[in-house]
S.K.: 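Got a structure here, written out as structure tokens. Questions coming.
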Amino acid sequence: MERQVLLSEPEEAAALYRGLSRQPALSAACLGPEVTTQYGGQYRTVHTEWTQRDLERMENIRFCRQYLVFHDGDSVVFAGPAGNSVETRGELLSRESPSGSMKAVLRKAGGTGPGEEKQFLEVWEKNRKLKSFNLSVLEKHGPVYEDDCFGCLSWSHSETHLLYVAERKRPKAESFFQTKALDVSASDDEIARLKKPDQPIKVLYDWYTKVTSVVVDIVPRQLGENFSGIYCSLLPLGCWSADSQRVVFDSAQRSRQDLFAVDTQVGTVTSLTAGGSGGSWKLLTIDRDLMVAQFSTPSLPPTLKVGFLPSAGKEQSVLWVSLEEAEPIPDIHWGIRVLQPPPEQENVQYAGLDFEAILLQPCNPPDKTQVPMVVMPHGGPHSSFVTAWMLFPAMLCKMGFAVLLVNYRGSTGFGQDSILSLPGNVGHQDVKDVQFAVEQVLQEEHFDASHVALMGGSHGGFISCHLIGQYPETYRACVARNPVINIASMLGSTDIPDWCVVEAGFPFSSDCLPDLSVWAEMLDKSPIKYIPQVKTPLLLMLGQEDRRVPFKQGMEYYRALKTRNVPVRLLLYPKSTHALSEVEVESDSFMNAVLWLRTHLGS
């Protein structure tokens with residue numbers, strides 16, 4: 001059995017982090033055009049894009065790799081890589097044209113200082129760059145979005161136009177007292193034309209009918225064993241079957257993420273991956289019924305798979321072929337625990353709801369009663385942990401911790417009733433669910449109940465800070481990243497003021513302030529209310545540029561704990577936003593968390 005890293009050995013923890021952080025993550029995939037060989041065989045290229053942490057450069061690097069998939073029309077005959085990986089430095093987005101003859105690339109170049117970085121839109125054809133546009137000097141718009149939510153780069157079917165999303169151009173700010181030169185050679189009419197704003201170009205959609213119908217309705221409670229509603233932030237660019245009748249997507253289902261096909265004609269929902277090994281799936285693209293997907297588990301980094309979507313009614317018979325395998329991480333055992341709240345913790349309006357937790361633990365420890373446990377509630381609160389690869393839980397488990405990831409009531413993937421049960425009950429229902437999960441697992445697994453720690457960010461930090469206030473005897477250490485501390489004071493400074501009001505249980509209106517009773521409720525549901533009971537040592541990690549949960553939330557908590565002589569340390573990252581996901585910040589925050597646990601849990 002591989003030796004576990006001890007808490008008293010931070011150097012080995014750093015070496016372990018360096019190794020596991022090299023596991024790449026799939027970010028995108030697209031399929032090339034169908035090619036028929038001179039012998040009648042058919043194949044397609046799969047172009048994939050990956051990201052990987054580079055601790056030497058302290059940045060996420062991007063690289064691409066291509067694969068060949070030979071098939072007979074409905075099954076894969078042979079598949080494998082076509083060459084090695086190549087770093088795509090500076091690429092933000094890329095997309096091949098429908099015919100595969102051209103490729104569009106959004107690239108960043110220039111310096112790293114403010115105003116020095118430029119964005120270029122490039123078009124490549126065969127072995128040359130056909131066109132390049134410096135978008136930063138076109139004066140048409142601001143920076144192009146390249147994130148997962150708004151980023152888009154798409155070809156027209158004619159391959160003559162490209163679609164992308166960018167910020168609206170902002171006028172340059174000038175002093176009221178700056179002298180403005182007037183071009184006396186221009187006529188009044190010409191000056192008026194210069195000031196006239198650009199007119200938007202209209203796009204015409206030709207619909208045969210104007211009827212809107214619901215294909216898959218909201219699911220209050222889980223239907224059968226495999227479907228509890230659709231929970232995905234966005235559909236892949238390619239998601240339609242070849243007959244344009246079925247939509248394929250991935251969705252959280254309780255503590256897993258599965259692939260589903262929805263028949264838009266009859267409204268049936270069929271799982272493509274139910275009954276498998278318990279891991280989680282993500283659809284990258286589908287074209288002509290050839291699917292490209294990612295599979296991972298808490299102990300298996302992402303693997304790349306392809307398979308054909310079977311005909312309607314036979315969706316569960318997909319034969320998956322691996323294009324890129326990953327090595328399982330040894331000495332990590334994991335499973336899902338189903339938890340039923342005790343009667344006194346039932347939600348009267350939404351009775352009968354259960355919830356789940358994912359438990360990672362070291363395999364065959366010398367003495368299970370000596371295993372410490374780290375408890376992680378997720379953020380959101382309306383999100384979830386799924387049985388996929390996650391660096392931090394895997395790291396902690398390799399270091400000898402049991403790790404408990406709690407999907408409390410209100411998490412996505414458990415039906416709409418579960419989601420609706422939480423607004424108005426934050427700071428109570430979610431906190432009690434996590435505490436109940438902790439007590440149940442400690443009782444069943446016999447881990448070291450005197451060495452339990454908390455680690456959570458955003459709403460997970462909110463719950464963690466509640467727990468050390470409401471159950472101070474349970475937890476020996478706590479690490480909170482950008483936690484919500486005072487909902488009432490957060491309302492006036494966050495970019496999601498509606499979250500503060502709605503999660504406190506009230507309707508949100510942007511045209512007036514809440515009345516005093518609403519402010520009182522927001523304060524009553526906040527962790528800062530329990531400051532007098534807190535004695536657990538707390539490590540706070542805050543992003544100074546966080547607009548979601550402004551860093552002054554954490555500062556408010558830090559000062560209150562300082563005045564009461566509670567052991568507390570503050571790490572402020574000046575250029576970081578809510579996620580604290582930059583490689584330098586993420587690695588630094590993890591190592592500081594390890595040292596905090598070592599200090600307050602001992603070895």
Side-chain angles (χ1 to χ4, degrees), residues 5 7-8 10 13-14 16-17 21 360 372-380 385 390-406 430-431 434-435 437-438 448 450-472 474-485 527-528 530-531 534-544 546 549 551 553-558 560-562 566-573 576 578-582 584-603:
V5 175
L7 285 178
S8 58
L16 182 63
Y17 183 89
S21 67
L360 286 70
M373 186 167 73
V374 175
V375 181
M376 290 186 174
H378 62 71
F385 287 118
M390 295 167 280
L391 178 60
F392 278 21
M395 275 287 308
L396 291 168
C397 191
K398 289 293 290 180
M399 292 173 60
F401 286 100
V403 183
L404 187 64
L405 311 169
V406 186
D430 45 4
V431 174
V434 175
Q435 183 66 16
V438 169
D448 188 350
S450 66
H451 286 74
V452 180
L454 286 158
M455 189 178 291
S458 193
H459 192 86
F462 168 89
I463 294 174
S464 298
C465 292
H466 260 297
L467 285 164
I468 62 175
Q470 295 189 41
Y471 302 94
T474 304
Y475 303 99
R476 287 275 296 270
C478 181
V479 179
R481 304 183 315 276
N482 289 324
V484 175
I485 296 300
I528 201 162
Y530 297 95
I531 280 286
V534 175
K535 60 181 182 181
T536 304
L538 173 67
L539 174 62
L540 280 167
M541 301 170 176
L542 309 177
Q544 195 166 345
D546 187 357
V549 182
F551 79 96
Q553 284 282 297
M555 294 294 296
E556 196 173 338
Y557 204 53
Y558 173 79
L561 292 178
K562 267 292 192 182
V566 176
V568 58
R569 186 182 179 210
L570 171 63
L571 299 178
L572 184 62
Y573 297 100
S576 287
H578 190 56
L580 299 182
S581 58
E582 301 87 350
E584 185 173 11
V585 172
E586 182 193 68
S587 55
D588 181 78
S589 63
F590 180 79
M591 288 308 301
N592 273 287
V594 167
L595 293 173
W596 191 256
L597 296 178
R598 173 177 175 258
T599 300
H600 297 286
L601 293 185
S603 58

S.K.: Does Asn482 reach the main-chain N or O of Gly543 with its side chain, forming a donor-acceptor pair under 3.5 Å?
M.R.: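 Pair found, side chain donor or acceptor close to backbone of Gly543.
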S.K.: Go through the steps to decide whether Ile531 and Ile528 satisfy the test side chain to side chain contact (heavy atoms under 4.5 Å, CB included), and finish with yes or no.
M.R.: CA-CA 5 Å; Ile531 280 286; Ile528 201 162; 3.8 Å; yes
S.K.: Minimum heavy-atom separation for Pro393 to Val403, with atom names?
M.R.: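 Looks like O-CG2, 3.8 Å.
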S.K.: Is the number of heavy atoms from other residues, nucleotides or ligands within 6.0 Å of CD (Glu556) greater than 12?
M.R.: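 Above 12, so yes.
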S.K.: Using side chain to side chain contact (heavy atoms under 4.5 Å, CB included), reason through Tyr558 and Leu542 one step at a time and then give a plain yes or no.
M.R.: CA-CA 11 Å; Tyr558 173 79; Leu542 309 177; over 6 Å; no
S.K.: Specify whether Phe392 and Phe590 have parallel, tilted or perpendicular ring planes, treating 30° as the upper limit for parallel and 60° as the lower limit for perpendicular.
M.R.: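 It falls in the tilted class, 30° to 60°.
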S.K.: Keeping the roles fixed (side chain from Arg481, backbone from Gly461), state whether a donor-acceptor pair exists under 3.5 Å.
M.R.: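 Such a contact is absent between Arg481 side chain and Gly461 backbone.
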S.K.: Just how far is it from atom SG of Cys397 to atom CG of Leu360, taken to the nearest 0.5 Å?
M.R.: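 Result: 5.0 Å between the selected atoms.
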S.K.: Who passes side-chain hydrogen bond (donor to acceptor under 3.5 Å, both in side chains) against Gln435, sequence neighbours left out?
M.R.: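 Checked Gln435 against side-chain hydrogen bond (donor to acceptor under 3.5 Å, both in side chains); matches are Glu439, Thr474, Tyr475.
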S.K.: Check the orientation of His600 and Trp596. Use parallel for under 30°, tilted for 30 to 60°, and perpendicular for over 60°.
M.R.: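 Aromatic pair His600/Trp596 classed tilted.
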S.K.: For the atom pair CE (Met541) and CG (Leu571), what is the distance rounded to the nearest 0.5 Å?
M.R.: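 If we round to the nearest 0.5 Å, Met541:CE and Leu571:CG are 5.5 Å apart.
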S.K.: Does the side chain of His378 reach to within under 4.5 Å of the side chain of Leu405, using non-hydrogen atoms?
M.R.: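 No, every pair of side-chain atoms sits at 4.5 Å or beyond.
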S.K.: Using every non-hydrogen atom in the two residues, find where Met390 and Phe385 come nearest and quote the distance to one decimal.
M.R.: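 The answer is SD-CD2, 3.9 Å.
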S.K.: Just wondering, do Asp430 and His459 contact through their side chains at under 4.5 Å, heavy atoms?
M.R.: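 The answer is yes; the side chains approach within 4.5 Å.
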S.K.: Would you give the length of the straight line joining atom CZ of Arg569 to atom CG of Leu595, rounded to the nearest 0.5 angstrom?
M.R.: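 Separation between the atoms: 8.0 Å.
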S.K.: I need the minimum non-hydrogen distance between Ala13 and Met395, along with the two atoms involved.
M.R.: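 Looking at all heavy atoms of both residues, the closest pair is O-CE, 3.7 Å.
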S.K.: Does any N or O in the side chain of Asn592 come within less than 3.5 Å of the main-chain N or O of Asp588, such that one atom is a donor and the other an acceptor?
M.R.: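 Side chain of Asn592 to backbone of Asp588: a pair is present.
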S.K.: Evaluate the side chain to side chain contact (heavy atoms under 4.5 Å, CB included) criterion for residues Val438 and Met373: first the C-alpha distance (whole Å), next the side-chain angles of each, then the deciding distance (0.1 Å), finally the verdict.
M.R.: CA-CA 9 Å; Val438 169; Met373 186 167 73; 4.0 Å; yes
S.K.: Kindly give the heavy-atom pair with the smallest separation between Ala593 and Met455, and that separation in Å.
M.R.: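 Heavy atoms of Ala593 and Met455 come nearest at CB-CE, 3.9 Å.
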S.K.: Quick one: NZ on Lys535 to CZ on Arg476, what's the gap to the nearest 0.5 Å?
M.R.: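 Between atom NZ of Lys535 and atom CZ of Arg476 there are 11.0 Å.
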S.K.: If I compare all heavy atoms of Leu540 with all of Pro483, which pair ends up nearest, and what's the gap?
M.R.: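 Closest approach of Leu540 to Pro483, heavy atoms only: CD2-CG, 3.7 Å.
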S.K.: Would you call Val431 and Tyr530 a side-chain contact if the rule is heavy atoms closer than 4.5 Å?
M.R.: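 No; the side chains remain at least 4.5 Å from each other.
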S.K.: Using 0.5 Å steps for rounding, measure from the NE2 atom of His451 to the CZ atom of Phe401.
M.R.: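 Going from the NE2 atom of His451 to the CZ atom of Phe401 covers 9.5 Å.
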S.K.: Under the side-chain contact (heavy atoms from CB on, under 4.5 Å) test against Cys478, which residue among Thr536, Leu539, Val568, Val534 passes?
M.R.: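 When Thr536, Leu539, Val568, Val534 are each tested with Cys478, the side-chain contact (heavy atoms from CB on, under 4.5 Å) holds only for Thr536.
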S.K.: For His578, what residues pass the ring-ring contact (aromatic ring centres under 6.0 Å, His included) criterion, not counting sequence neighbours?
M.R.: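 Expected list: none.
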S.K.: Closer than 3.5 angstrom, by distance alone: can the side chain of Gln553 be matched with the main-chain N or O of Ile485 as a donor-acceptor pair?
M.R.: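 Yes; at least one donor-acceptor contact below 3.5 Å.
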S.K.: Work out which heavy atom in Val375 is nearest to a heavy atom in Pro377; give both atom names and the distance.
M.R.: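 Between these two residues, the closest heavy atoms are O-CD, 3.7 Å.
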S.K.: Kindly indicate whether the side chain of Tyr557, heavy atoms from C-beta on, has any atom under 4.5 Å from the side chain of Leu538.
M.R.: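 Counting from C-beta outward, Tyr557 and Leu538 do come under 4.5 Å.
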S.K.: Can you find a heavy atom in the side chain of Tyr573 that is under 4.5 Å from one in the side chain of Glu582?
M.R.: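 A side-chain contact under 4.5 Å is absent here.
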S.K.: If you apply the rule side chain to side chain contact (heavy atoms under 4.5 Å, CB included), what do you find for His466 with Val434, and how did you get there?
M.R.: CA-CA 11 Å; His466 260 297; Val434 175; over 6 Å; no
